[in-house]
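Atom set for the values below is all heavy atoms of this structure, side chains included, hydrogens, waters and symmetry mates excluded. Sequence lines set the chain letters: A, B, ... in the order given, protein chains first and strands last, and positions in each chain run from 1.
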Amino acid sequence: MDYDFKSIEAKWQKKWAQDGTYKVKEDSSKPKYYVLDMFPYPSGAGLHVGHPLGYIASDIYSRYKRLRGFNVLHPMGYDSFGLPAEQYAIQTGQHPEVTTTANISRYRQQLDRIGFSYDWSREVRTCDPGFYKWTQWAFLKMFASWYDPDADKARPISELVKRFETTGYGAVTPETWKAASEKEKSDILMGYRIAYQAETSVNWCEGLGTVLANDEVKDGLSVRGGFPVEQKKMMQWQLRVSAYAERLLKGLDTLDWTDSLKEMQRNWIGKSQGTEVVFNTECDGKTVPVTIFTTRVDTIFGVPFMVLAPDSELVPELTSAAQKDAVEQYVKEVKKKTERERISETKSVTGVFSGSYGINPLTGEKVPVWISEYVLAGYGTGAIMAVPAHDSRDYAFARKFNLPIVPIIAGCDVSEQSFDAKEGKMCNSGFLDGMDVKDAIEAAKDYAEANGLGRRKTNYRLRDAIFSRQRYWGEPFPIYYKDGIPCPVDEKDLPLELPEIDSYKPTGEPPLARAKDWTYKGYPLETSTMPGFAGSSAYYLRYMDPHNDGALVSGEADGYWRNVDLYIGGTEHATGHLIYSRFWNKFLYDLGYVCEDEPFAKLINQGMIQGRSNFVYRIVGTNKFVSLGLKGNYDTTEIHVDINIVHNDKLDLEAFKAWRPEFNDAEFILEDGEYVCGWAVEKMSKSMFNVVNPDDICNTYGADTLRLYEMFLGPIEQSKPWDTKGIDGVNRFLRRFYKLFYDRDNFIVTDEKATPSELKALHKLIAKEQEDIENFSYNTTISAFMIALNDLGNCHKKEILEPLTVLLSPFAPHIAEELWHSLGNATSVCDASFPQYDAALTVEDTVTYPVQFNGKMRFTVDLPKSASVAEVEAAVRAMDQTAKYVGGQSIVKVIVVPGRIINIVVK
RNA sequence: GCCCGAAUGGCGGAAUUGGUAGACGCGCCGGACUCAAAAUCCUGUGUCCCUCAAAGACGUGCCGGUUCGAUUCCGGCUUCGGGCACCA
C-alpha cells in the first residue's frame, strides 16, 4: 500500500483528540515554554491557505520544544467580538452570536485538519461571558487606579484620595477636597484614573455609527468597511496609555523582536525632547501667556510669527475684536472637513490672522499670532513659534501669507525652500552667533532654563486610547450612572452580560440604549461597549488558567507560565494590539496581578501569502482566446481565470468551457498545442479567483504535505505568493520517506547495523535541524531532509529510521506518528526525545586548514585528516606560489592551523 | 517627504566570520519501464561562443571603492515592498 495520507491523518487526529495527547498541565519538574499564535477573528469567509502559515510555524516550534524536554503551552482561541459580525447582523437580522458561533466551528474544522498540537481544553472566546468577565474586571481595576509619577507605576486611587485628604496633591488641597461636592470629586478623580471619561476630539465614523481608534483609521477611512471618518468632540471612555509611554519605549530594549517592529513602536510612541517657552501675548490690550513647544529653541531668533491650532482653547482669548468674524469663519470651515479632506488637502495652506501679537522672550520682538490647521491641538501645547527659514511647514505658510523669512544659519539659501538640516553656523542670533547648530541647540535650552524663559519638556505622540464604541457586539462597560456620576458595578456582579436587543440597525444612539432594563441597582448603565482590542489585550494570560472563576489567572499558573516565550503573528498589529497588550500587562503588573512586566519576550512576524492569479486573453469583440506567447499579435482583454482550472499555467480547455456559460463556445489560439496563461501576484481574494483553500490541499495532498510545503516556500518572515505547482516536490519526499518503511504492504525495516556513511547523513541532519529550527529557518531544514534522503538511498535500518521519524514529526506529525507506531512504539512520537547529536560521526575525511599570511591574507588548504606537519607545510608552500602568481607579492610568515600553529618563513 | 527592508537562473529560494555562486525543490530536455498514459526511477539543465565535447569568456539590480579575492564590507544611484505622514 502506498502512502495513504487520508486514512493516516484521520486516524491520528481522532486518536489525539481522544487521548488528549496535547493537553498540558503545570509541571515544575520541566522547564516551561509558551508558544502563542495571534488568535484569529472568525470571519465568514473561512481560512485560506495564507492564514495557517504562522500557525504551522509555531506548531513546528512547539513540537520541537516538546521533543527537547520542555513543557509547552500552545493554546488557541477566537477574537470573536467585532464589527464584521455586527455589520452582518444589521444586514440580515441574525444575532451576531449565531454567525460568530457558526464561523468558529468552521474555523475549528479547518484548523483540525492541519494537525495542530493545540491544547483545545484551554480555548478562549472573547465574546464568552466567562472570558469577558475578566476584560470588565481589568477595566474596573483601571477605573480604580491612577498613575503615580513618583512611584512610576499605577496605584489604587484610594491612595490618591488619602493624599487629597491629608497633604493635598497637585492643585487639590485638603480644604478644597473637603469642600467639593460628590460630582466635583468625581470630576477631579477622572483627571487621574487610568480608565477615565473625558470629552475629546475623536475619529467619528458615520458609516459605522461609532468612534474609532487612530489605528482603526487609515487614510481618513475606517479600516473596517472603508467609510469616511471625521473629527468630532464627544464624551468618551479612555485608557491613559500615555502615562506608560516612557516604559513602553524603554521596555522595547529588553525584547527579542525585529528591529523594524520595534522601530514602528518607537515611531508610534514618538518621544521628542524639547523646550516649552512662554510668549506673553497681547490681545486688545490684555496680556495672555502662551506656552509653545519646540525641539529647536536655538532657532528662536528666527521667529517672525506664531501659530495656534484652530481648536486650541486659547483661540477665543487671543482673537481681537477686529478679527473675530474672520477667525470664527475659519474655525467653522476647518471643523466641517473630514479627516480625509484634510489629508487630501495637505498641500494647500490655510490660515487666518488672530489679531494678537506675541512677544519673543529673548528678543522682545512683537510677532503676529496666526491660526492654522497645520498645528494640532492634541500635540505639545497646540501652539508653536514658527521658524519659516528652517521648517518646511512654516516656510510654506510664510510664503502663502507673505510673512518674513529670517535665516539664522550662515550661508544657507532659503529663496526656494527652507533649510531644515541641523548643520552649519548660527547667525543673526545674538549670543548664539558663530556656534555650530548642534551645540547651539543645547546652549539655547540651557539659556532658556537658566533665565526662566522656558523649561525642558518631553512630549510623546502616543495618545490615550479611546475605549468607547457606540456598537452592540462588544463588552458592556461595568459602569452605571448615579445622578450623572459614573460608578463601578460591584466586582461580584461580573460578568455584566450583554443584553438582547430587538434590532441591530443604527439609529444614531448606541444600540444598548434600546435594551430593556439596561439598569443596575435601578440606575442606568453605560450604553457604549468596549472596542475590539479590549478582549485581545490579555487573552494570553487567560490561556494559562482558562477555567478559573475566581481570578483572571491564579498566582500559581501565572508564576509557572509567566509570559509568552514565542509569539507569532502578522505585522499589522504592530501599533495596535501589541501596544495595548503591553500597556494592559504593565498595568496588571503594577498592581501585582502578574509577575512579568512584558508579555511577549520573542516575536516573529510571518509574511503574508499572496495569491497568484491567472489570466486568459480574449481577442476584442470575439470569443476567441489567445495563448500568452502570441497575444502581442492581437488586441486583447485580460480576464481573470479560476486558478483551479489552470495547471502549471496551462489552461484546461474543457474545464474552461464548462466554467462559465459565456465560454461554452470559446475558441483558442494555442502555442505548441497548449494554452499558456499569464499570471500576476495579487491579494488572495474571491474576486480574482485565486483563493486556495487549505481543505482542498488536504484532500489532494494531505495535511503533512501542506505543512511541509508552506514552510518550504521560503523564509517565514517573507511575503510570498502561493503557487501550488511546487507542492509535488514535498509530496514526493513524503512518499519516498514512507517507502523506506513499506514496500507495498510489507514492512521492510531491519535491525541491521548502520554504516558510518548512514550515521553521518543522520547526524548531519540532526545538527542542521537543531540549528535551523532555533533560527526559524524551516525551509532549509526541509532541504536538508531531502539531501539526507538522497544520501541514505535505500536504507531500511531501524537504527536510522527511528530517529529520522522523530526529526520529521514537528513538520509532518501524522506520517511520523504512523511510522513511529509501526516501529513498535506504544506512546506518541511527540513524547519521544530529540535525537542526540554526535559530532564525531559527521567529521569530514578532509580537514580545511585556514592559512594566514601576515595575519591578513587567507587561503584554505584541504588535506586528509591524517596529514602530517610536513605535508601541511608543503601544501602551504605550494599555496604561496599561487599567492605570488595572483598577487605579485610574497611575504609568508605565519600559518595558523586548527589545533596547531606552525611557523614557516618563505623568502 | 521621512524611517525600515529587499533585489541571486525560466520559477521559489541556498550560500558559516569576505574564500569553488546557484544547495534543495519546481519547471524543462533526454532516457528506462509501459501497447500507451499516469506514477516511478535515471541523466542533463546559469548565460554566451561551438555540430558536440573540451577549453574559454561573462555572470548575484546599476556605477564606483576597499581587498590577492566581494552576493557578503564601504560610498553613490535605480526599482520594488512595508511603515509613518502636517508631531513643531
Side-chain angles (χ1 to χ4, degrees), chain A residues 2 214 218-219 258-272 274-275 292-297 299 306-307 309 342-343 345-347 349 372-387 390-394 396-397 417 420 459-463 571-572 574-575 605 607-608 610 612 648-649 679 681 708-709 712-715 717-733 735-736 739 771 777 779-790 848 850-851 853 856-860 862 880 882-890:
Chain A
D2 274 349
N214 284 338
K218 199 170 162 56
D219 299 333
T258 59
D259 290 337
S260 71
L261 190 66
K262 286 188 192 181
E263 202 51 38
M264 268 190 241
Q265 291 220 335
R266 286 194 190 102
N267 288 341
W268 193 258
I269 295 166
K271 180 174 183 173
S272 135
T275 312
I292 59 97
F293 175 75
T294 178
T295 52
R296 296 285 305 274
V297 220
T299 59
M306 294 166 64
V307 187
R342 279 190 61 168
I343 288 165
E345 285 169 16
T346 295
K347 295 278 180 289
V349 178
S372 173
E373 59 179 328
Y374 84 89
V375 175
L376 306 175
Y379 183 78
T381 60
I384 64 155
M385 62 177 209
V387 187
H390 304 290
D391 181 291
S392 52
R393 294 155 303 177
D394 297 342
F397 194 81
Q417 56 180 14
D420 293 10
N459 266 322
Y460 300 90
R461 284 172 60 186
L462 185 71
R463 310 292 165 79
T571 179
E572 67 271 21
T575 51
N605 290 122
M608 286 234 301
Q610 295 138 313
R612 189 179 187 279
N648 295 339
D649 289 341
W679 61 273
V681 173
L708 227 40
Y709 185 57
F712 189 62
L713 228 39
E717 283 107 329
Q718 221 166 72
S719 287
K720 55 232 156 186
W722 174 269
D723 185 353
T724 307
K725 78 182 180 193
I727 202 168
D728 291 314
V730 290
N731 186 249
R732 201 167 289 146
F733 160 75
R735 294 204 306 264
R736 282 178 61 194
K739 277 190 180 162
E771 195 194 320
S777 179
N779 54 332
T780 51
T781 312
I782 297 168
S783 291
F785 242 110
M786 292 170 172
I787 294 168
L789 222 56
N790 286 338
T848 301
V851 183
F853 298 85
K856 193 180 166 199
M857 296 181 187
R858 274 174 56 189
F859 293 88
T860 57
D862 285 355
D880 182 51
T882 323
K884 270 181 196 164
Y885 176 72
V886 172
Q889 47 182 293
S890 95

Heavy-atom distance under 4.5 Å between the side chains of A:Arg296 and A:Asp391, does that happen here? no
Measure from CG on A:Asn267 to C1' on B:C2 and round the result to the nearest Å. 9 Å
Using whole Å, report how far CD of A:Gln265 lies from P of B:C4. 17 Å
Distance between the C1' atoms of B:A88 and B:A15, in whole angstroms? 48 Å
Short side-chain N/O contact to B:G25 OP1/OP2 from A:Asn790, under 4.0 Å: yes
Does CD belonging to A:Glu717 count more than 12 external heavy atoms closer than 6.0 Å? yes
Measuring only the P atom in each nucleotide, how far is B:A23 from B:U16? A whole number of Å is fine. 15 Å
Same-atom distance (C1') from B:U72 to B:A14, integer angstrom: 14 Å
Considering only the P atoms, how many Å lie between B:U47 and B:C42, rounded to the nearest integer? 23 Å
In the structure I gave you, are the side-chain heavy atoms of A:Thr571 and A:Leu261 within less than 4.5 Å of one another anywhere? yes
Interatomic distance, CZ@A:Phe293 vs CE@A:Met385, rounded to 0.5 Å, equals 11.0 Å
Select base, sugar-phosphate, or nothing to describe what A:Ile787 touches, counting heavy atoms under 4.0 Å on all strands. sugar-phosphate
For atom P, what is the distance between B:G10 and B:G76, given to the nearest Å? 31 Å
So, does A:Tyr379 get its side chain near the phosphate of B:A88, meaning an N or O under 4.0 Å from OP1 or OP2? yes
Kindly compute the distance separating CG (A:Leu708) from CE (A:Met786), expressed to the nearest 0.5 Å. 6.5 Å
Compute whether any side-chain donor of one residue and acceptor of the other, for A:Arg736 and A:Asn731, lie under 3.5 angstrom apart. no
Distances under 3.5 Å only, N/O to N/O: pair up the protein atoms with those of nucleotides 5-16 of chain B.
from, atom 1, to, atom 2, distance (Å)
B:G12, O2', A:Leu713, O, 2.6
B:G13, OP1, A:Gln718, OE1, 3.0
B:G13, O3', A:Asn779, ND2, 3.4
B:A14, OP1, A:Asn779, ND2, 3.4

Find the distance between CG (A:Leu789) and NZ (A:Lys739) and round it off to the nearest 0.5 Å. 11.5 Å
Separation of the C1' atoms in B:C33 and B:G9, to the nearest angstrom: 32 Å
B:G56: syn or anti, per glycosidic angle within 90° of 0: anti
Side chains of A:Tyr379 and A:Ser272: closer than 4.5 Å at any heavy-atom pair? yes
Specify the residue among A:Arg463 and A:Asp259 whose closest nucleotide of RNA chain B lies further upstream toward the 5′ end. A:Asp259
Whole-Å distance, A:Leu789 CG to B:A23 P, equals 18 Å
Out of curiosity, A:Asp420 CG to A:His390 NE2, how far, rounded to the nearest 0.5 Å? 9.0 Å
Euclidean distance, atom CZ of residue A:Arg461 to atom C1' of B:C86 [Å, nearest integer]: 10 Å
At what distance, to the nearest 0.5 angstrom, does CD of A:Gln610 lie from CG of A:Asp723? 12.0 Å
In whole angstrom, give me the gap between the P atoms of B:U78 and B:C62. 15 Å
When rounded to whole Å, the CD to P distance for the pair A:Glu263 and B:C2 reads 16 Å
With RNA chain B as reference, determine whether A:Ala784 or A:Thr381 sits nearer its 5' end, using the nearest nucleotide of each. A:Ala784
In whole angstroms, how far is the P atom of B:C26 from the CG atom of A:Asp728? 8 Å
Nucleotide B:C80, atom C1' - distance to CE of A:Met608 in whole Å: 15 Å
For the C1' atoms, the ones on B:G31 and on B:G82, what distance do you get once it is rounded to whole angstrom? 48 Å
A:Ile384 side chain near A:Met306 side chain, heavy-atom distance below 4.5 Å: no
Listed pairs, N/O of protein and of nucleotides 37-40 of chain B, under 3.5 Å:
from, atom 1, to, atom 2, distance (Å)
B:A39, O3', A:Arg735, NH2, 3.4
B:U40, OP1, A:Arg732, NE, 3.4
B:U40, OP1, A:Arg735, NH2, 2.2

Identified stems (criterion: three or more consecutive Watson-Crick or G-U pairs, under 3.5 Å), RNA chain B: B:1-7 with B:78-84, B:10-12 with B:24-26, B:30-32 with B:40-42, B:46-48 with B:56-58, B:61-65 with B:73-77
Rounded to the nearest 0.5 angstrom, the CH2-CG distance for A:Trp722 and A:Leu713 is 6.5 Å
Among B:A85, B:G83, B:A88, which nucleotide sits nearest the side chain of A:Met264? B:G83
Quick one, A:Trp268 with A:Tyr460, criterion ring pair (Phe, Tyr, Trp, His ring centres under 6.0 Å). Give me CA distance, side-chain angles, the key distance, then yes/no. CA-CA 9 Å; A:Trp268 193 258; A:Tyr460 300 90; over 10 Å; no
Protein-nucleotide distance (A:Glu373, atom CD; B:A88, atom P), rounded to Å: 18 Å
